[in-house]
Amino acid sequence: MSKTGAIILAAGKGTRMKSDLPKVLHKVAGKSMVRQVASACQRAQIDELLFVVGHKAEEVKNALGTQFFYALQEPQLGTGHAVMVALPILPDDIDTVFVLCGDTPLLSEDTLKAMAAQFAEQKATCTILTAEMDRPFGYGRILRDPLGRIKGIVEEKDATDEERKITEINAGVYCFHTDSLRLAVADLQNDNAQGEYYLTDVVKWFYEHGKLVNSYLASDTMEILGINDRVQLAQADAVMRHRKCIQLMKDGVTIVDPNSTYIEMDVQIGQDTIIEPDTYLRGDTVIGSHCHIGPQTDISNCKTGDGCRIFRSVLVDSQLGNACQVGPFCYIRPKTVLADRVKAGHFVELKKTQVGEGSKIPHLSYMGDAIIGAGVNIGCGSITCNYDGMNKFITQIEDGAFIGCNTNLVAPVVVHKNAYIAAGSTINKEVPEDALAIARARQENKENWQRPQKKQ
Ligand code: UD1
Ligand code: CA
């Protein structure tokens with residue numbers, strides 16, 4: 001079986017980003033640009049991906065992982081040189097190879113699939129992704145012969161005034177017959193305005209050797225946007241987020257205002273969930289169906305069941321069961337696990353805490369490193385004192401316990417089943433099952449108390 005591959009050029013520095021981070025690692029909709037390109041290739045069922053790395057190569061490789069091929073291009077002598085370096089590393093059984101850039105995050109798998117289909121159908125040697133641009137400045141222009149056949153690509157810097165008027169541009173994405181590409185690349189020269197080996201020169205070589213080069217016109221010019229600076233980065237981010245919202249809405253999610261909703265690419269949301277404005281859903285977040293999220297909520301890497309209500313809250317790296325109620329103004333910190341029907345109300349902070357089914361923490365509490373059973377009520381203002389300045393300790397509250405308002409639970413401590421704690425207690429000893437614990441000074445009333453007087 002023949003295989004397809006992709007060579008993704010990611011060796012450049014990206015000077016105009018003005019950044020310590022390599023350009024291709026800047027994120028669009030929560031995912032680095034080069035990963036977005038890789039994902040599009042994978043969704044288009046391209047078998048093997050090879051990245052050409054150079055500037056901060058180790059950083060780029062670490063971000064992408066070990067499941068890909070890498071070619072090191074050092075120094076960077078142009079796009080043709082990048083492909084020269086890559087081809088010897090490309091596995092031999094790949095007979096169709098894409099070349100694309102790591103800085104075009106909006107490229108879709110549909111376009112790659114359509115290019116591959118046309119390439120195969122017309123038995124082309126090279127299919128070039130092209131676009132019609134009103135303002136083609138900066139792009140390579142497509143040159144055609146009198147019969148309309150593509151005979152070359154000329155870079156802006158090498159073009160004549162006449163050629164600069166051409167509005168058909170090279171998007172920098174190609175599909176090649178691998179063996180032909182190997183032959184053409186071996187003949188590349190760098191006698192041009194930039195002294196670089198241009199990949200685009202292979203097109204002229206194919207034309208002169210009687211090979212078929214055709215073009216596939218991008219339906220949406222945004223798809224080919226190459227990101228060079230942070231203004232374009234923000235533009236791409238907006239397009240990507242919009243695409244994500246459209247996809248979710250088509251799948252049955254209500255998004256009240258897509259323009260103020262920031263949902264990253266890998267987030268999943270169930271049907272009939274409503275997302276209100278100014279909400280951020282990030283990372284690997286999975287939201288169930290029939291939930292109501294927002295307004296003003298920020299959720300990162302959390303998983304929720306169905307029917308949850310979460311508003312004006314921040315949730316990080318945690319899990320919620322079904323029908324939980326969270327907020328307003330709740331902060332759920334990493335490794336918190338809420339069972340079904342848990343309430344974490346306003347001004348509640350939970351950290352690394354498990355809460356059992358139906359338990360309620362309605363207001364003004366901090367629970368950290370706690371294991372809370374089912375049917376527990378945590379009164380207003382109660383906190384775990386889980387940290388002695390050096391170490392963290394666990395607080396255990398068993399099923400059915402009632403924690404009175406303003407209780408301090410000094411960990412490590414266990415409150416057993418159905419125990420009852422009087423309001424205002426500082427608990428530092430185990431409370432037995434069904435017991436009442438009172439740990440506060442007894443009230444004393446002084447009758448006819450004379451208030452202090454102001455000095456004359
Ligand atoms: C290239 C095309 C141009 C096309 C445009 C589309 C060439 C000569 N020109 O120009 O026709 O219209 O893309 O965006 O190919 N890179 C390397 N190693 C290098 C040089 C570049 O890995 O030695 C990488 C860069 O990191 C970048 C990509 O290749 O991701 C494109 O390089 P860039 O210099 O931006 O090419 P353009 O001048 O935009
Ligand atoms: Ca570019």
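Note: hydrogens, waters and symmetry copies are ignored here, and every other heavy atom, side chains too, is used. All ligand and atom numbering here is 1-based and tracks the order in the structure.
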- request: For side chain to side chain donor-acceptor pair (under 3.5 Å), just list the numbers for Q325 and R309, CA-CA rounded to whole Å, side-chain angles, deciding distance to a tenth of an Å, and then say yes or no.
  value: CA-CA 5 Å; Q325 284 184 56; R309 175 77 185 102; over 6 Å; no
- prompt: Which atoms of ligand 1 are found less than 4.0 Å from any heavy atom of G140?
  reply: 3 (C), 4 (C), 11 (O), 12 (O)
message: So for G226, does at least one of its heavy atoms come nearer than 4.0 angstrom to any atom of ligand 1?
response: no
message: Check this for me - ligand 1, Y139, N or O atoms closer than 3.5 angstrom, yes or no?
response: no
query: Polar-atom distance check: Y198 versus ligand 1, any N or O pair below 3.5 Å?
result: no
task: Decide whether an N or O pair under 3.5 Å exists between L199 and ligand 1.
output: no
query: Heavy atom of T200 under 4.0 Å from ligand 1?
result: yes
query: Within the structure, does I153 bring an N/O atom to less than 3.5 angstrom of an N/O atom in ligand 1?
result: no
field: Contact partition for E155 relative to ligand 1, non-hydrogen atoms under 4.0 Å
entry: side chain
task: May I ask you to say whether R241 pairs ionically with D237, meaning some side-chain N is under 4.0 Å from a carboxylate O?
output: yes
message: Once you measure the plane-to-plane angle for F51 and F68, does it fall in the parallel (<30°), tilted (30-60°) or perpendicular (>60°) bin?
response: perpendicular
- prompt: Purely on distance, is any nitrogen or oxygen of G138 under 3.5 Å from one on ligand 1?
  reply: no
- line: Closest to atom 15 (O) of ligand 1 (heavy atoms only, candidates T79, L9, D201) is T79
message: Over 60° means perpendicular and under 30° means parallel, so tell me whether H209 and W205 are parallel, tilted or perpendicular.
response: parallel
message: Strictly below 4.0 Å, N to O, side chains only: are R141 and E156 in salt-bridge contact?
response: yes
field: Main-chain N/O of V28 paired with Q36 side-chain donor or acceptor, under 3.5 Å
entry: yes
query: Would one find an N or O of G78, backbone or side chain, under 3.5 Å from an N or O of ligand 1?
result: yes
- prompt: Between L77 and ligand 1, which residue portion shows a heavy-atom distance shorter than 4.0 Å: side chain, backbone, both, or neither?
  reply: backbone
query: More than 12 heavy atoms of other residues, nucleotides or ligands under 6.0 Å from CD of Q67: is that the case?
result: yes
message: Checking the side chain of K3 only, and the main-chain atoms of P91 only, is there a donor and an acceptor separated by less than 3.5 Å?
response: no
statement: If we number the atoms of ligand 1 from 1 as shown, the ones under 4.0 Å from a heavy atom of A171 are 6 (C), 14 (O)
query: Would you say K27 has more than 12 foreign heavy atoms packed within less than 6.0 Å of its NZ?
result: no
field: D340 (side chain) donor-acceptor with E357 (main chain) under 3.5 angstrom
entry: no
query: Counting N and O atoms only, with roles assigned by atom type, does the side chain of T395 sit under 3.5 Å from a partner on the main chain of A411, one being a donor and the other an acceptor?
result: no
query: Quick one: does ligand 1 sit under 4.0 Å from the side chain of E196, the backbone, both or neither, non-hydrogen atoms only?
result: neither
message: What I want to know is whether A11 and ligand 1 share at least one N or O pair that is separated by under 3.5 angstrom.
response: yes
message: Evaluate Q73 for polar contact with ligand 1, using N/O atom pairs at a separation under 3.5 Å.
response: yes
task: Using a strict cut-off of 4.0 Å, indicate which atoms of ligand 1 neighbour a heavy atom of A10.
output: 22 (O)
